[in-house]
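Working notes, structure below.
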Amino acid sequence: IMILIQLSEEQESLVETSRKFAKSEIIPVASKYDESSEFPKDVIKKAHQLGLMNLVQEPEYGGAGLGVFDASLIIEEISAGCAGMSTSMVANDLALLPIRIGATPEQKKKFIQPIAEKGLLASFCLSEPGAGSDAGGLSTTIKKEGNKYILNGSKQWITNGGYASQYTVFATIDKGLKHKGICCIVVDANSPGITKGKHENKLGQRCSNTVPLSFVNVEVPEENLIGKEGEGFKIAMQTLDLSRPLTAIIAVGIARAAFEYARDYSKERKQFGKTIAEFQAIQFMLADMITGIEASRLLTYKSAVMLDMGKHSALESSMAKRFAADTAMQVTTDAVQIYGGYGYTKEYPVEKLMRDAKLLQIYEGTSQVQRLVIAREILSGK
Ligand code: CAA
């Protein structure tokens, strides 16, 4: 795959618009939302108005109609401003992707269009208290009764869950069937029987809304089933292939911000009579930081371009997500180190970036799950 990195005028303007948005609407309020852990409703609303949400959804259903590559240009800029906010934004695409992948045109019109056009929120509901990395081992049940399905169970770590008007839920018709029993169904968030739990008090990305959900005898019309019964797991995996580059680029944005702060600070801070940037110890840290960021971005671009070409990209998506997440953790930790004691305080922006980066190694498949996917892909002989 050849990647041409000369951006077109349209792509440059996507970067410009999102960079300006991050500068004027996100960076000035990021630490306030981090501190309060409050959901940035107004920022999300403005992002929607500017066309920075539902990026990879089809335009005929109200989406921005971008490819994964173009979307990644936007998400890097937003994430360099605040990863909690970009996670909230990208989570909408994540929730709508199973519909884009597996739904009929009528279902897309019904379940994507109103969300995208009205600027509503949606959530992807796969993880459970007892099923994180082992997504195929989930236990929320789905049972057919007449022309309805009945859902029972609990979901965990649901991004946007407290504010979403629609949930994309994965549930099993029979746990004994393992992944072959899993179904994907769209659920109205106001359905009787759904309880939204308390927002999690997280280490980082504190303003992204994260709640547990409980489903007790929740009735869902049969026409809300996406694909056939038992096709849910494949739909979830295909969704993650598409969304992992969008997550990898969040890591790139965080790392880039940390690098830029650390580079600028190292040119100002004086010790032993000169700026710390003049010491090789600091220079080598900065050199490794920028190299890791560039490599993460290129891996992400490769997986994005492959997806935009319609190619199978589980290997490339997982390599990008794994490498970018681990790089962001290293780069942000080094940025705190360059700032020294100041970096450890909330007076400076780098400790937030370090806390925000940690989640990248956990959500959308841990760094260990990515290695598992990578190993399976290279050993499967495909
Ligand atoms: N595309 C299509 N099909 C796929 C696939 C892919 N990428 N990956 C697997 N499959 C298919 C397999 O071919 C297999 O099908 P058959 O039975 O027909 O052969 C089936 O799915 C089962 O595959 P595996 O045997 O590989 O399944 P597994 O149980 O071993 O699980 C796993 C694999 C990679 C560990 C998977 O469970 C996984 O990705 N776990 C992590 C879950 C995750 O990422 N959760 C994130 C939640 S979302 C989130 O965090 C978002 C947020 O809110 C911010």
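Numbers here are sequence positions counted from 1. Both ligands and their constituent atoms are indexed starting at 1 by order of listing.
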Contact with ligand 1 for Arg376, non-hydrogen, under 4.0 angstrom: yes

N or O pair under 3.5 Å between Gly365 and ligand 1: yes

Residue part near ligand 1, for Thr247, under 4.0 Å between non-hydrogen atoms: neither

Shortest non-hydrogen separation from Met289 to Val331 and the atoms involved: CE-O, 3.5 Å

Any Phe39 side-chain heavy atom under 4.5 Å of Tyr163 side chain: yes

Steps toward salt bridge (charged side-chain N to carboxylate O under 4.0 Å, His left out) verdict (Glu106, Lys109): CA-CA 5 Å; Glu106 295 73 42; Lys109 202 166 164 41; over 6 Å; no

Arg244 near ligand 1 by a heavy-atom separation under 4.0 Å: yes

Contact check, side chains of Leu121 and Met53, non-hydrogen atoms, under 4.5 Å: yes

Numbered atoms and elements of ligand 1 in range of Leu240, under 4.0 angstrom, heavy atoms: 43 (C), 44 (O)

Closest to atom 13 (O) of ligand 1 (judged by heavy-atom distance), picking from Lys234, His312, Gln370, Gln368: Lys234

Atom pair CG (Leu14) and CD1 (Ile75), whose distance is rounded to the nearest 0.5 Å: 11.0 Å

Interfacing atoms of ligand 1 (cut-off 4.0 Å, heavy-atom, Asp241): 1 (N), 6 (C), 7 (N)

Those atoms of ligand 1 less than 4.0 Å from some heavy atom in Tyr363: 50 (O), 54 (C)

Heavy-atom gap Gly137 to ligand 1 smaller than 4.0 Å: no

Phe215 and Tyr167 aromatic ring geometry - parallel, tilted or perpendicular at 30°/60° bounds: perpendicular

Distance filter under 4.0 Å to Phe124 heavy atoms, resulting ligand 1 atoms: 48 (S)

Subset of ligand 1 atoms that lie under 4.0 Å from at least one heavy atom of Met237: 4 (C), 5 (C), 6 (C), 7 (N), 8 (N), 9 (C), 36 (C), 38 (C), 39 (O)

Region of His179 engaging ligand 1 - heavy atom pairs below 4.0 Å: side chain

No-hydrogen, no-angle side-chain donor-acceptor test under 3.5 Å, Ser208 and Lys202: yes

Where ligand 1 meets Val373 - atom numbers and elements under 4.0 angstrom, heavy-atom basis: 34 (C)

Check: Ser318 side chain, Leu315 main-chain N or O, donor-acceptor pair, under 3.5 Å: no

Donor on one side chain, acceptor on other, Ser18 and Glu77, under 3.5 Å: no

Ligand-residue contact atoms, ligand 1 with Lys180, heavy atoms, under 4.0 Å: 17 (O)

Ligand 1-proximal atoms of Thr366, by part, heavy-atom distance under 4.0 Å: neither

Residue that, paired with Leu242, satisfies side chain to side chain contact (heavy atoms under 4.5 Å, CB included) out of Asp93, Ile101, Leu94, Val56: Ile101

Close approach of Ser127 to ligand 1, heavy atoms, under 4.0 angstrom: yes

Per-atom contacts of ligand 1 with Gly132, taking only distances under 4.0 Å to non-hydrogen atoms: 42 (C)

Leu372, portion touching ligand 1 at heavy-atom distance under 4.0 Å: side chain

Distance-only side-chain donor-acceptor flag, Thr275 / Glu278, under 3.5 Å: yes

